[in-house]
Amino acid sequence: MSVTSAKKQKKGRPTVDSEAVNVRLDRAMLTALDTWRRESSDLPNRPKAIRRLLELGLEAAGAVKPDSGPSAEDSR
């Protein structure tokens, strides 16, 4: 295979089927979120912690859980 015929790999993050959601939280909620994060064994970053809590809340409410296996969360 020649250099010119080789397929170039794209740089950057892989594309995912998602949409950004901008949320403003007051200090008390951020403090509670950070406390919850520190109690987790893997110390998730804030966005990952918010996704986990959202999934837990949806599950508790009996809503359909989004299709997100372990690989989906790790890729975010």
Side-chain angles (χ1 to χ4, degrees):
M1 178 184 326
S2 70
V3 174
T4 56
S5 67
K7 190 175 184 180
K8 288 187 177 182
Q9 291 185 358
K10 292 183 181 181
K11 293 183 180 179
R13 296 179 70 161
T15 58
V16 292
D17 185 21
S18 65
E19 186 174 336
V21 177
N22 198 2
V23 179
R24 186 174 297 274
L25 303 174
D26 61 27
R27 288 279 166 211
M29 182 129 348
L30 281 174
T31 300
L33 175 65
D34 289 339
T35 300
W36 185 86
R37 289 174 50 228
R38 281 191 287 280
E39 292 171 357
S40 297
S41 61
D42 62 342
L43 186 61
N45 58 28
R46 281 181 175 170
K48 187 177 279 190
I50 291 168
R51 285 191 296 270
R52 284 184 188 174
L53 288 169
L54 182 58
E55 284 185 2
L56 288 170
L58 289 171
E59 212 171 82
V64 177
K65 186 176 177 184
D67 208 14
S68 61
S71 60
E73 184 172 300
D74 293 340
S75 66
R76 293 179 194 150

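Numbers here simply count residues along the sequence, with the first being 1.
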- Task: Group every Ile, Leu, Val, Met, Phe, Trp and Tyr by side-chain heavy-atom contacts under 4.5 Å, then state whether M29 and V23 land in the same group.
- Result: yes

- Would you say L33 and L56 are hydrophobically clustered, going by side-chain heavy atoms of ILVMFWY under 4.5 Å? yes

- Query: Between CG of L54 and CZ of R51, what distance do you get to the nearest 0.5 Å?
  - Reply: 10.0 Å

- Message: I need the W36 CH2 to R52 CZ distance, nearest 0.5 Å.
- Response: 6.0 Å

- CG of L53 to CZ of R37: how many Å apart, nearest 0.5 Å? 11.0 Å

- Message: With clusters defined by side-chain heavy atoms of hydrophobic residues (ILVMFWY) lying less than 4.5 Å apart, directly or transitively, does L30 cluster with L43?
- Response: no

- Under a 4.5 Å cut-off applied to non-hydrogen side-chain atoms, are L58 and E55 in contact? no

- Charged N to carboxylate O below 4.0 Å: is that the case for D42 and K48? no

